[in-house]
Amino acid sequence: MKTLVQGPLNEEKINVIINNKPDLQAGGHCIFWGQVRNDIKNEQKVVSIEYSAYDEMVEKESNKIKQEILEKYNDVRSVEIYHSKGEVKAGENSLYVKISAGHRIQAFESIQECVNLIKKRLPIWKKENLSDGTYIWTE
Amino acid sequence: MKYTILLFGSLSDVCQNNKLQINNTKIENTNDLVIYLETKYPELKHKNYKISVNQKIITTNTNLDTNSEIALLPPFAGG
(Lines give C-alpha, C1' and ligand atoms only; values in the text may rest on other atoms or scores of the structure.)
Protein backbone atom coordinates (compact mmCIF):
# COMPACT_ATOMS: atom_id res chain seq x y z
CA MET A 1 0.00 0.00 0.00
CA LYS A 2 1.28 3.47 -0.84
CA THR A 3 2.08 5.90 1.97
CA LEU A 4 0.83 9.03 0.23
CA VAL A 5 -2.92 9.55 0.14
CA GLN A 6 -4.64 12.48 -1.54
CA GLY A 7 -6.39 14.81 0.92
CA PRO A 8 -7.19 14.45 4.62
CA LEU A 9 -7.07 11.12 6.41
CA ASN A 10 -10.35 10.51 8.18
CA GLU A 11 -11.37 7.25 9.83
CA GLU A 12 -13.59 6.24 6.92
CA LYS A 13 -10.73 6.58 4.46
CA ILE A 14 -8.31 4.76 6.73
CA ASN A 15 -10.74 1.89 7.21
CA VAL A 16 -10.83 1.42 3.45
CA ILE A 17 -7.07 1.41 2.95
CA ILE A 18 -5.64 -0.31 6.02
CA ASN A 19 -4.94 -3.98 6.23
CA ASN A 20 -8.05 -5.25 7.99
CA LYS A 21 -6.92 -8.85 8.18
CA PRO A 22 -7.05 -9.77 11.87
CA ASP A 23 -3.73 -10.69 13.48
CA LEU A 24 -4.63 -13.02 16.32
CA GLN A 25 -1.10 -12.90 17.74
CA ALA A 26 -1.15 -9.12 18.19
CA GLY A 27 -1.87 -8.16 21.78
CA GLY A 28 -1.70 -4.39 21.27
CA HIS A 29 -2.15 -1.78 18.57
CA CYS A 30 -0.80 1.75 18.89
CA ILE A 31 -2.25 4.36 16.59
CA PHE A 32 -0.95 7.88 16.04
CA TRP A 33 -3.05 10.50 14.27
CA GLY A 34 -1.35 13.73 13.20
CA GLN A 35 -3.78 16.64 13.01
CA VAL A 36 -3.42 20.10 11.46
CA ARG A 37 -3.43 22.77 14.20
CA ASN A 38 -5.02 26.17 13.78
CA ASP A 39 -1.85 27.93 14.94
CA ILE A 40 -1.47 31.69 14.76
CA LYS A 41 1.26 32.82 12.35
CA ASN A 42 1.91 36.44 11.39
CA GLU A 43 -1.17 37.28 13.50
CA GLN A 44 -3.29 35.11 11.18
CA LYS A 45 -4.89 31.74 11.76
CA VAL A 46 -3.62 28.70 9.88
CA VAL A 47 -6.71 27.53 7.99
CA SER A 48 -5.15 24.62 6.11
CA ILE A 49 -1.88 23.01 5.13
CA GLU A 50 -0.95 22.12 1.58
CA TYR A 51 1.33 19.08 1.63
CA SER A 52 3.68 18.42 -1.27
CA ALA A 53 6.05 15.50 -1.60
CA TYR A 54 8.79 13.86 -3.60
CA ASP A 55 6.47 10.91 -4.18
CA GLU A 56 8.87 8.17 -5.27
CA MET A 57 11.35 8.98 -2.52
CA VAL A 58 8.58 9.07 0.12
CA GLU A 59 7.47 5.56 -0.82
CA LYS A 60 11.04 4.20 -0.77
CA GLU A 61 11.93 5.86 2.52
CA SER A 62 8.66 4.87 4.14
CA ASN A 63 9.29 1.23 3.30
CA LYS A 64 12.80 1.51 4.76
CA ILE A 65 11.40 2.97 7.99
CA LYS A 66 8.84 0.15 8.28
CA GLN A 67 11.61 -2.41 7.75
CA GLU A 68 13.90 -0.76 10.30
CA ILE A 69 11.16 -0.76 12.95
CA LEU A 70 10.34 -4.42 12.27
CA GLU A 71 14.02 -5.36 12.54
CA LYS A 72 14.70 -3.36 15.70
CA TYR A 73 11.60 -4.38 17.66
CA ASN A 74 11.21 -8.13 17.57
CA ASP A 75 7.73 -8.05 19.10
CA VAL A 76 6.37 -5.66 16.44
CA ARG A 77 4.28 -7.54 13.91
CA SER A 78 3.20 -4.82 11.47
CA VAL A 79 3.74 -1.14 10.69
CA GLU A 80 1.39 0.98 8.62
CA ILE A 81 2.12 4.55 7.57
CA TYR A 82 -0.16 6.92 5.65
CA HIS A 83 0.49 10.59 4.98
CA SER A 84 -1.69 13.17 3.25
CA LYS A 85 -0.78 14.97 0.08
CA GLY A 86 -2.63 18.09 -1.03
CA GLU A 87 -4.80 20.30 1.16
CA VAL A 88 -5.76 19.36 4.70
CA LYS A 89 -7.85 21.81 6.76
CA ALA A 90 -7.21 22.69 10.39
CA GLY A 91 -8.76 19.99 12.55
CA GLU A 92 -8.37 17.32 9.87
CA ASN A 93 -5.78 14.55 10.01
CA SER A 94 -2.67 14.36 7.85
CA LEU A 95 -0.74 11.41 9.30
CA TYR A 96 -1.78 7.94 10.42
CA VAL A 97 0.60 5.40 11.88
CA LYS A 98 -0.46 2.04 13.26
CA ILE A 99 1.86 -0.42 14.91
CA SER A 100 0.72 -3.83 16.04
CA ALA A 101 2.82 -5.83 18.47
CA GLY A 102 2.57 -8.96 20.53
CA HIS A 103 2.62 -6.87 23.71
CA ARG A 104 2.13 -3.22 24.60
CA ILE A 105 5.67 -2.16 25.54
CA GLN A 106 7.22 -2.39 22.09
CA ALA A 107 4.07 -1.00 20.48
CA PHE A 108 4.41 2.17 22.62
CA GLU A 109 8.18 2.48 22.18
CA SER A 110 8.27 1.82 18.45
CA ILE A 111 5.45 4.17 17.47
CA GLN A 112 7.27 7.14 18.98
CA GLU A 113 10.43 6.22 17.10
CA CYS A 114 8.49 5.59 13.91
CA VAL A 115 6.78 9.01 13.98
CA ASN A 116 10.13 10.69 14.68
CA LEU A 117 11.69 8.92 11.69
CA ILE A 118 8.76 9.94 9.48
CA LYS A 119 9.21 13.59 10.40
CA LYS A 120 12.96 13.39 9.92
CA ARG A 121 13.25 11.36 6.75
CA LEU A 122 10.16 11.61 4.55
CA PRO A 123 10.60 14.29 1.85
CA ILE A 124 7.33 16.07 2.50
CA TRP A 125 6.83 19.84 2.73
CA LYS A 126 4.04 21.96 4.08
CA LYS A 127 2.68 25.29 3.04
CA GLU A 128 0.51 26.82 5.74
CA ASN A 129 -2.41 28.77 4.29
CA LEU A 130 -3.38 31.69 6.50
CA SER A 131 -6.77 33.32 7.04
CA ASP A 132 -5.77 36.48 5.13
CA GLY A 133 -4.97 34.50 1.97
CA THR A 134 -1.16 34.54 2.39
CA TYR A 135 0.95 31.47 3.10
CA ILE A 136 4.13 30.37 4.85
CA TRP A 137 6.40 27.46 4.04
CA THR A 138 7.32 25.45 7.13
CA GLU A 139 11.06 24.83 7.21
CA MET B 1 24.71 18.33 -20.98
CA LYS B 2 20.99 18.49 -20.44
CA TYR B 3 19.63 18.15 -16.92
CA THR B 4 16.23 18.17 -15.26
CA ILE B 5 16.13 19.46 -11.71
CA LEU B 6 13.15 18.96 -9.43
CA LEU B 7 12.39 21.70 -6.92
CA PHE B 8 10.34 21.24 -3.78
CA GLY B 9 8.83 23.33 -1.01
CA SER B 10 9.86 26.97 -0.87
CA LEU B 11 12.50 26.40 -3.55
CA SER B 12 9.76 26.15 -6.15
CA ASP B 13 8.84 29.73 -5.20
CA VAL B 14 12.46 30.88 -5.35
CA CYS B 15 12.91 29.49 -8.87
CA GLN B 16 9.25 30.10 -9.81
CA ASN B 17 8.98 26.57 -11.07
CA ASN B 18 8.93 23.04 -9.72
CA LYS B 19 11.12 21.72 -12.51
CA LEU B 20 14.09 23.26 -14.32
CA GLN B 21 15.59 22.12 -17.60
CA ILE B 22 19.21 23.10 -18.01
CA ASN B 23 21.36 22.65 -21.05
CA ASN B 24 24.92 23.48 -20.13
CA THR B 25 28.08 21.71 -21.21
CA LYS B 26 30.11 23.09 -18.30
CA ILE B 27 28.07 21.37 -15.58
CA GLU B 28 29.58 17.98 -14.80
CA ASN B 29 28.91 17.52 -11.12
CA THR B 30 26.76 18.77 -8.24
CA ASN B 31 29.26 21.49 -7.25
CA ASP B 32 29.09 22.93 -10.78
CA LEU B 33 25.31 22.74 -10.62
CA VAL B 34 25.08 24.60 -7.30
CA ILE B 35 27.33 27.39 -8.61
CA TYR B 36 25.20 27.66 -11.75
CA LEU B 37 21.89 27.68 -9.87
CA GLU B 38 22.99 30.08 -7.14
CA THR B 39 24.25 32.49 -9.79
CA LYS B 40 21.00 32.32 -11.70
CA TYR B 41 18.81 32.38 -8.56
CA PRO B 42 20.80 34.34 -5.93
CA GLU B 43 18.11 33.81 -3.27
CA LEU B 44 19.08 30.13 -3.21
CA LYS B 45 22.31 31.12 -1.40
CA HIS B 46 20.21 32.04 1.62
CA LYS B 47 18.24 28.82 1.57
CA ASN B 48 18.96 25.65 3.48
CA TYR B 49 18.66 22.67 1.15
CA LYS B 50 20.11 19.28 0.30
CA ILE B 51 20.62 17.71 -3.09
CA SER B 52 19.50 14.26 -4.07
CA VAL B 53 20.74 12.36 -7.09
CA ASN B 54 18.65 9.39 -8.15
CA GLN B 55 16.59 9.76 -4.96
CA LYS B 56 19.60 9.53 -2.64
CA ILE B 57 20.73 12.53 -0.64
CA ILE B 58 24.35 13.25 -1.46
CA THR B 59 26.88 14.77 0.92
CA THR B 60 29.89 15.04 -1.37
CA ASN B 61 30.44 16.34 -4.86
CA THR B 62 28.81 13.87 -7.25
CA ASN B 63 29.22 13.43 -10.99
CA LEU B 64 26.09 13.92 -13.04
CA ASP B 65 24.89 12.59 -16.34
CA THR B 66 21.82 13.34 -18.39
CA ASN B 67 19.98 10.41 -16.84
CA SER B 68 20.56 11.63 -13.29
CA GLU B 69 17.39 12.49 -11.39
CA ILE B 70 18.41 15.63 -9.52
CA ALA B 71 16.32 17.30 -6.82
CA LEU B 72 16.80 20.22 -4.43
CA LEU B 73 15.26 19.43 -1.06
CA PRO B 74 14.58 22.07 1.60
CA PRO B 75 14.21 20.81 5.20
CA PHE B 76 11.49 18.17 5.47
CA ALA B 77 8.31 19.11 7.31
CA GLY B 78 6.01 16.12 7.21
CA GLY B 79 3.66 15.03 9.94
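This structure is a prediction, so every number in the text was calculated from the model and none was measured. Within every chain, numbering begins at 1; the chains are lettered A, B, ... in the order of the sequence lines, protein sequences first and strands thereafter.
- Of the atoms belonging to I124(A), heavy atoms from both backbone and side chain fall under 4.5 Å from chain B.
- The part of Y135(A) that comes within reach of chain B is its side chain, from C-beta onward, which places non-hydrogen atoms under 4.5 angstrom from that chain.
- In this structure, chain B has no heavy atom under 4.5 Å from any part of I118(A).
- Panel note: side chain W125(A), backbone L73(B); no donor-acceptor pair is recorded below 3.5 Å.
- Between atom NZ of residue K56(B) and atom NZ of residue K60(A) there is a gap of 7.5 Å, rounded to the nearest 0.5 Å.
- Residues of residues 1-35 of chain B lying under 4.5 angstrom from chain A, judged on non-hydrogen atoms, are L6(B), F8(B), G9(B), S10(B), S12(B), D13(B) in numerical order.
- The environment of NZ in K13(A) is crowded: more than 12 heavy-atom neighbours from other residues, nucleotides or ligands sit within 6.0 Å.
- At a 4.5 Å heavy-atom cutoff, the contact between T138(A) and chain B is made by backbone and side-chain atoms alike.
- Cluster membership for V5(A) and V36(A), using ILVMFWY side-chain heavy atoms within less than 4.5 angstrom, is not shared.
- Connection of I49(A) to V47(A) is not established within any shared hydrophobic cluster, with ILVMFWY side chains joined at heavy-atom distances below 4.5 Å, either directly or through further cluster members.
- Hydrophobic clustering keeps I99(A) apart from I18(A) (ILVMFWY residues linked when any side-chain heavy atoms are closer than 4.5 Å, directly or through intermediates).
- For E139(A) against K47(B), the heavy-atom pair with the smallest separation is OE1-NZ, 3.9 Å.
- L70(A) and I65(A) fall within a single hydrophobic cluster, where Ile, Leu, Val, Met, Phe, Trp and Tyr are joined by side-chain heavy atoms under 4.5 Å apart, directly or via other members.
- Atom CD1 of I105(A) sits in a sparse spot, with 12 or fewer heavy atoms from other residues, nucleotides or ligands closer than 6.0 Å.
- Judged purely by atom type and a 3.5 angstrom limit, H83(A) uses its side chain to pair as donor or acceptor with the backbone of G79(B).
- Contact of K50(B) with chain A is not made at all, since no heavy-atom distance falls under 4.5 Å.
- Contacts of Y54(A) with chain B are made by both backbone and side-chain atoms, with heavy-atom separations under 4.5 Å.
- The number of heavy-atom neighbours closer than 6.0 Å to CD of Q112(A), taken from other residues, nucleotides and ligands shown, is 12 or below.
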Subject >> Trace of the side-chain contact (heavy atoms from CB on, under 4.5 Å) decision for Q55(B) with V58(A) >> reply: CA-CA 10 Å; Q55(B) 298 173 18; V58(A) 166; over 6 Å; no

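- The CZ atom of F76(B) sits 10.0 Å away from the CZ atom of R121(A) when rounded to the nearest 0.5 Å.
- Around atom CG of N42(A), no more than 12 heavy atoms belonging to other residues, nucleotides or ligands sit under 6.0 Å away.
- Considering only heavy-atom pairs separated by less than 4.5 Å from chain B, the leading option among Q35(A), K127(A), K119(A), E61(A) is K119(A).
- By the rule that hydrophobic residues join a cluster once side-chain heavy atoms approach within less than 4.5 Å of another member, L130(A) and Y51(A) end up as members of one cluster.
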